[in-house]
Amino acid sequence: MKKEEVGNCVSCENLSCLMKKNYAADNYATAVANRMVIECKKSQSFIIEGAPIHGMYFVYSGKAKITKSGYNGKEQILRLTGDGDIIGIRGYSSRKVYPIAATALEPTTLCYFPNKFFTNELQTNSTLTYDLMVFYAEELDKTEERVKKFAQMTVREKVVDSLLSIYERFGQDDEGLKLVLSRTDIANLAGTNSEQVIRVLMTLKNEGVINCEGKHILLKKVDLLRKEIQEYNY
DNA sequence: CCATTAAAGTGGT
DNA sequence: ACCACTTTAATGG
C-alpha cells in the first residue's frame, strides 16, 4: 500500500463529496489540512480485510470495489464506488479491524481522513453526522434488497441486475459501460461464476439487447433489460 | 520483443 | 453448478 502525501492539497471540486458539502469555506480549510491525498494504481488494495482500522476514505476520482472474501477463496463484491463515495466507514463500530477490502479498479485518487480527526468532526458537526446516518440507512436498504435478489433471482436475472446497477451508477458512452469489469468481477458482484456470466452475456448479445467487444459492454436496450427484473424492484 | 500469467471461452459431467 | 481444458489477452522484464 503506497501512500503519497501531497503537500499542497488541490481544492476538491467534487460537489457530491460529503465533506465538501458540510463545510463552509473557512472550516473546509481545517478539513483539508487534516486529509491526506492518496494515489492508487489499478488493482491496488488500499484497505485490507482484517487490517486494523485507521481511518476512512473518500473517492476523489476513479473507481473501487468493496469486497469480502468467501470460504473457498471466492470474493463477494459488496458494492462498487466512484466519485464522492465514502469507504471504510465502519471504523465506528466496536470492530478493531476492517471487515472488508477495498481495491482500485482504475487509477484512483483518494482523500484519507484519520479516525482521530473524523471522530471529532462527527461529534461537533451535526449535519455531517446526519448525512452519514442517511448514508447508513440507505446502505442498509440496498443490502436488504440485495438479499432478496440473491435468493430469488435466476442467474440471468442477477447478471442483468448487475449490468443495470453499473449502468445506473456509472453510465455509459459509445464504447459501453463506463466501469469496465472482468467477467469474474461481474460474477462476484452478481453471485455466480465467470462461466455463467460469459454465457448470459453471449445470449444477451445474440438477442441484440447488449453489445460486447472484449471487456466493453454496451447496453443497447435498457428498457428491455429493466423489464426483465422489474418485478424484483419495489 | 518475448515469456509468463491472467482472463475468456468451451464442452463435458 | 463445477471442473478441466484451449485459446486469447494482459503484464512485466
Side-chain angles (χ1 to χ4, degrees), chain A residues 1-4 38-51 59 61-82 87 98 100-110 143-222 224-225 228-229 231-232:
Chain A
M1 185 160 77
K2 185 189 167 191
K3 290 187 183 181
E4 188 181 331
I38 296 167
E39 300 283 349
C40 265
K41 294 170 191 165
K42 186 183 173 180
S43 78
Q44 197 172 355
S45 294
F46 55 91
I47 297 179
I48 293 162
E49 195 176 340
V59 179
S61 69
K63 297 171 181 69
K65 62 177 176 183
I66 314 302
T67 61
K68 228 172 165 46
S69 57
Y71 297 105
N72 34 16
K74 281 177 184 173
E75 71 170 30
Q76 175 61 48
I77 296 184
L78 301 172
R79 65 189 178 106
L80 296 167
T81 57
I87 303 172
Y98 288 108
I100 48 91
T103 307
L105 294 165
E106 54 185 64
T108 296
T109 305
L110 302 160
T143 305
E144 288 167 351
E145 278 302 304
R146 246 152 86 71
V147 169
K148 178 181 75 181
K149 287 173 176 180
F150 263 69
Q152 298 180 3
M153 280 182 161
T154 64
V155 168
R156 177 179 162 122
E157 286 165 343
K158 285 195 268 193
V159 174
V160 168
D161 189 57
S162 298
L163 293 177
L164 281 171
S165 70
I166 295 168
Y167 173 82
E168 269 139 34
R169 175 64 181 84
F170 301 101
Q172 72 176 359
D173 52 25
D174 303 338
E175 293 274 292
L177 292 171
K178 284 188 183 171
L179 171 62
V180 176
L181 288 180
S182 69
R183 308 283 134 117
T184 307
D185 274 344
I186 296 172
N188 293 340
L189 176 65
T192 7
N193 53 44
S194 59
E195 295 98 314
Q196 306 238 53
V197 169
I198 287 163
R199 281 170 177 133
V200 171
L201 288 179
M202 283 181 138
T203 311
L204 291 171
K205 190 182 179 182
N206 288 335
E207 290 172 7
V209 184
I210 67 165
N211 221 339
C212 294
E213 251 181 68
K215 286 189 180 181
H216 292 283
I217 301 169
L218 181 80
L219 308 191
K220 287 168 74 181
K221 297 175 182 174
V222 176
L224 270 180
L225 291 169
E228 256 190 70
I229 58 159
E231 57 191 301
Y232 294 95

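Order of the sequence lines fixes the chain letters, A, B, ..., with proteins taken first and strands second; residue numbering starts at 1 for each chain.
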K.L.:
Given atom CD1 of A:I198 and atom P of C:dA9, what is their separation to the nearest angstrom?
P.N.:
13 Å
K.L.:
Side chain of A:R199, heavy atoms from C-beta onward: which of B:dT10, C:dT11, B:dA7 has the nearest atom to it?
P.N.:
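Nearest listed nucleotide: B:dT10.
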K.L.:
What is the nucleic acid contact for A:S194, judged by heavy atoms within less than 4.0 Å: base, sugar-phosphate only, or nothing?
P.N.:
nothing
K.L.:
Take atom CD of A:E213 and atom P of B:dA8, then tell me their distance rounded to the nearest Å.
P.N.:
15 Å
K.L.:
Would the distance check show the side chain of A:E49 and the main-chain N or O of A:S69 forming a donor-acceptor pair, the cut-off being under 3.5 Å?
P.N.:
yes
K.L.:
Out of C:dC3, B:dG11, C:dA1, which has the shortest distance to the side chain of A:E195?
P.N.:
C:dC3
K.L.:
Output the single nucleotide from C:dA1, C:dA4, B:dA8 whose closest atom is nearest the side chain of A:N193.
P.N.:
C:dA1
K.L.:
Between atom CG in A:L181 and atom C1' in B:dA6, what is the gap in whole Å?
P.N.:
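Spelled out: CG on A:L181 to C1' on B:dA6 is 16 Å.
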K.L.:
Hey, are the side chains of A:E175 and A:L218 touching, using non-hydrogen atoms and a 4.5 Å cut-off?
P.N.:
no
K.L.:
By nearest nucleotide on DNA chain C, pick out whichever of A:Q196 and A:K215 is the more 5' one.
P.N.:
A:Q196
K.L.:
Using whole Å, what does the distance between atom C1' of nucleotide C:dA1 and atom CZ of A:F150 come to?
P.N.:
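Taking atom C1' of C:dA1 as the reference, CZ of A:F150 is at 16 Å.
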K.L.:
Let me know, please, whether A:K74 or A:K42 comes out on the 5' side of the other along DNA chain C by nearest nucleotide.
P.N.:
A:K74
K.L.:
Would you mind reading off the distance between A:K41 atom NZ and C:dA10 atom C1', rounded to a whole angstrom?
P.N.:
17 Å
K.L.:
Could you tell me if the side chain of A:L80 sits less than 4.5 Å from the side chain of A:K63, heavy atoms only?
P.N.:
no
K.L.:
How long is the line joining CG of A:D185 and C1' of B:dA7, in whole Å?
P.N.:
11 Å
K.L.:
Can you tell which of B:dA8, C:dT11, C:dA1 lies closest to the side chain of A:T192?
P.N.:
C:dA1
K.L.:
Does any non-hydrogen side-chain atom of A:N188 lie less than 4.5 Å from one of A:L181?
P.N.:
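They are not in contact (no side-chain heavy atoms under 4.5 Å apart), so the answer is no.
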